[in-house]
Amino acid sequence: MSLPIVAVIGRPNVGKSTLVNRLTGSQEAIVHDEPGVTRDRTYRRSYWQDREFQVVDTGGLVFDDDTEFIPLIREQAMAALAESSAAIFVVDGQEGLTPGDEAIAAWLRLQPVPVLLAVNKCESPEQGMAQAAQFWKLGLGEPYPVSGIHGNGTGELLDKIIEYLPPVGEIPEVEEIKVAIVGRPNVGKSSLLNAFVGEKRAIVSPISGTTRDAIDTVVERNGQTYRLIDTAGIRKKKNVEYGPEFFGINRAFKAIRRADVVLLVIDALDGVTEQDQKLAGRITEEGRACVIVVNKWDAIEKDSYTIYEYQEHIKARLHFVEWAETIFVSALSGQRVEKILDLVNTAAQQHKRRISTAVINEVIEEAQRQHSPPTNRQGRQGKIYYGTQVASQPPTIVLFVNEPQRFNDNYRRYIERQFREQLGFGGTPLRLIWRGKKAREVEQSRVNRATRV
């Protein structure tokens, strides 16, 4: 069952994102003292009393300017209102009534959606009513003095909002796969999101840096629900100035952390860059499953060898995520876009997979028979006693050995390769923890005590 939606509408810089953070009890929307920080529409889940709904934050609405992103932001705000059960029109109580507010109010009065008027920045309870009173002129009913920063008046606003929401029964828990879409600026992340959704959910522009926030979008395919998270383009750290872009990139890194699967989008025309390598490293460090999406494949001149040569290029440049599947797509034409979700399903399944201790030890025994652990100059050989999986997402296996330092990097990579060849784990990092004899004895002692109890 879909949650009802409440759209937050208003001029630039009236504090919409601050109010959204207050209403949803989060700090996910970027707040910065600069007009135009929010551009796309972003969704946050909110609860009030016994009701659950989504609050959609929108960009600053302006009707008398058609420069740069303004028409696109206006289009997003209108789309948000069209799917909403109610709207909150936010105005600035400290600045007072403006022609921009009057233009938006005139437009809202023509819409079929019920509108509540929130007069923001009314931090003083004494002055708040006086600040709000001037907005009766807009003809939208009672103005509610609120403070997005301090929370004043938001309870009364929410009490009124839920009167307009449709009845919400028991909403079943839906197991969704969280998918973060990351990459450098202008590689086609938002175009990819729109291709999944089938509408202009994210603003698409050839100007890099269009997306500034992490945008959550829920889609369903073949009975499976996916939460797609579009993120800001991540540039080199030295090129990033403090401000909206800085916060947007932080949101992108948080999106990687909370995702089950990350789509690393690469521009086919540029190939794998140093920044792509750093992003792949970040994905591995966070232990996320990954699918490498090579976008703009339709723009490449191809012969029968092109795809194989490109795969070798990716393998050489991104060798530390060689476990990730690669797919070549065109977000513009939709070519092979739907097949990405098949790879996401596989990666998510492998990411949360668990293997029994008995099977793990069969692989270890066979691996040691085929290739014995290394021996040092004193003739002492490494020995793997047994292994067990201790965690998933990512799969984590502890190997109990006589001395971890006897196992060089080559042998450790060999063991990981054996696990992957015998057990799969495609699309996900695999963490192996090598513990020495002392740790093994401590573990065995703990098991013995638990058994006696």
Side-chain angles (χ1 to χ4, degrees), residues 264 272 274 276-290 292 311-326 346-347 349-451:
L264 175 57
V272 179
E274 182 182 352
D276 294 325
Q277 290 177 312
K278 290 180 179 178
L279 284 172
R282 184 71 176 237
I283 294 166
T284 304
E285 288 171 13
E286 296 291 352
R288 302 300 92 188
C290 179
I292 299 170
Q311 285 172 332
E312 287 301 316
H313 165 69
I314 292 172
K315 186 176 180 180
R317 299 280 290 172
L318 298 176
H319 58 88
F320 42 90
V321 288
E322 61 183 0
W323 40 264
E325 292 287 344
T326 301
T346 301
Q349 183 182 34
Q350 294 298 312
H351 192 234
K352 63 183 180 182
R353 186 177 173 203
R354 282 192 172 272
I355 304 295
S356 71
T357 299
V359 171
I360 287 172
N361 286 302
E362 286 179 11
V363 175
I364 291 172
E365 290 173 11
E366 179 62 26
Q368 290 187 106
R369 275 198 297 269
Q370 290 183 13
H371 185 185
S372 298
T375 303
N376 65 14
R377 293 179 179 178
Q378 289 74 38
R380 295 174 182 171
Q381 187 177 39
K383 172 65 178 176
I384 305 175
Y385 297 111
Y386 70 96
T388 185
Q389 185 173 350
V390 296
S392 59
Q393 296 180 300
T396 304
I397 297 173
V398 174
L399 300 173
F400 292 94
V401 303
N402 51 357
E403 292 182 45
Q405 62 269 27
R406 293 184 187 174
F407 297 87
N408 56 33
D409 290 342
N410 286 339
Y411 197 81
R412 294 186 181 209
R413 283 193 293 268
Y414 163 73
I415 292 295
E416 179 178 344
R417 192 163 59 250
Q418 290 301 304
F419 278 125
R420 291 191 181 278
E421 289 177 1
Q422 301 300 321
L423 304 177
F425 292 119
T428 178
L430 178 61
R431 290 181 174 168
L432 301 182
I433 300 173
W434 299 72
R435 287 190 179 168
K437 188 175 182 181
K438 186 174 181 180
R440 174 173 172 262
E441 290 172 350
V442 170
E443 177 71 12
Q444 189 61 53
S445 176
R446 186 189 64 79
V447 171
N448 291 340
R449 285 197 303 273
T451 303

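Remember, predicted model here, so these are calculated numbers, not experimental data. FYI, the numbering just counts along the sequence from 1.
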*Can you name the ring-ring contact (aromatic ring centres under 6.0 Å, His included) partners of Y414, sequence neighbours left out?*
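Scan of Y414 (ring-ring contact (aromatic ring centres under 6.0 Å, His included), adjacent residues dropped) gives H371, Y411.
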Atom pair [atom1]/[atom2] of [X] and [Y] - distance to nearest 0.5 Å:
X    : Y    : atom1 : atom2 : value
I397 : S392 : CD1   : OG    : 11.5 Å
H351 : Q349 : NE2   : CD    : 13.0 Å
I292 : Q311 : CD1   : CD    : 10.5 Å
Q422 : I360 : CD    : CD1   : 13.0 Å
I415 : I364 : CD1   : CD1   : 7.0 Å

Please name the pair of heavy atoms, one in [X] and one in [Y], separated by the smallest distance, quoted to 0.1 Å.
X    : Y    : value
Q393 : R288 : O-NH2, 3.4 Å
A347 : A289 : O-CB, 3.9 Å
G382 : N402 : CA-OD1, 3.7 Å
V363 : F419 : CG1-CD2, 3.8 Å
P429 : P394 : O-CB, 3.5 Å

Under the rule for side chain to side chain donor-acceptor pair (under 3.5 Å), what residues qualify as partners of [X], not counting sequence neighbours?
X    : value
T388 : T357
R353 : Q350
R369 : E366
K352 : E175

_E403: salt bridge (charged side-chain N to carboxylate O under 4.0 Å, His left out) partners, not counting sequence neighbours_ =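 For E403 the salt bridge (charged side-chain N to carboxylate O under 4.0 Å, His left out) partners, ignoring immediate neighbours, are R406.
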*For K383, which residues count as a salt bridge (charged side-chain N to carboxylate O under 4.0 Å, His left out) partner, sequence neighbours excluded?*
none
*So does R412 have more than 12 non-hydrogen atoms from other groups sitting under 6.0 Å from CZ?*
yes
List the residues meeting side chain to side chain contact (heavy atoms under 4.5 Å, CB included) with [X], not counting sequence neighbours, and say none if there are none.
X    : result
D409 : R413
R420 : W323, E416, F425, L430
E421 : R417, Q418
S372 : Q381

Non-hydrogen side-chain atoms of [X] and [Y] separated by less than 4.5 Å:
X    : Y    : value
V398 : W434 : no
R317 : H313 : yes
P373 : Q368 : yes
P395 : R431 : no

*Using the side chain to side chain contact (heavy atoms under 4.5 Å, CB included) rule, take Q277 and L318 through it: C-alpha gap first, then chi angles, then the decisive distance, then the call.*
CA-CA 6 Å; Q277 290 177 312; L318 298 176; 4.0 Å; yes
*asked:* Between N361 and G387 (side chain of the first, backbone of the second, donor and acceptor by atom type, cut-off under 3.5 Å), is there such a pair?
replied: yes
*Would a line drawn from the ring center of F400 to the ring center of Y386 be shorter than 6.0 Å?*
yes
*With side chain to side chain contact (heavy atoms under 4.5 Å, CB included) as the test, would you mind laying out the steps for R282 and E286 before giving the verdict?*
CA-CA 6 Å; R282 184 71 176 237; E286 296 291 352; 3.8 Å; yes
*asked:* Determine whether V321 and L264 satisfy the following criterion, side chain to side chain contact (heavy atoms under 4.5 Å, CB included), listing intermediate values before the conclusion.
replied: CA-CA 11 Å; V321 288; L264 175 57; 5.7 Å; no
*Test L399 against I433 for side chain to side chain contact (heavy atoms under 4.5 Å, CB included), laying out the working first.*
CA-CA 6 Å; L399 300 173; I433 300 173; over 6 Å; no
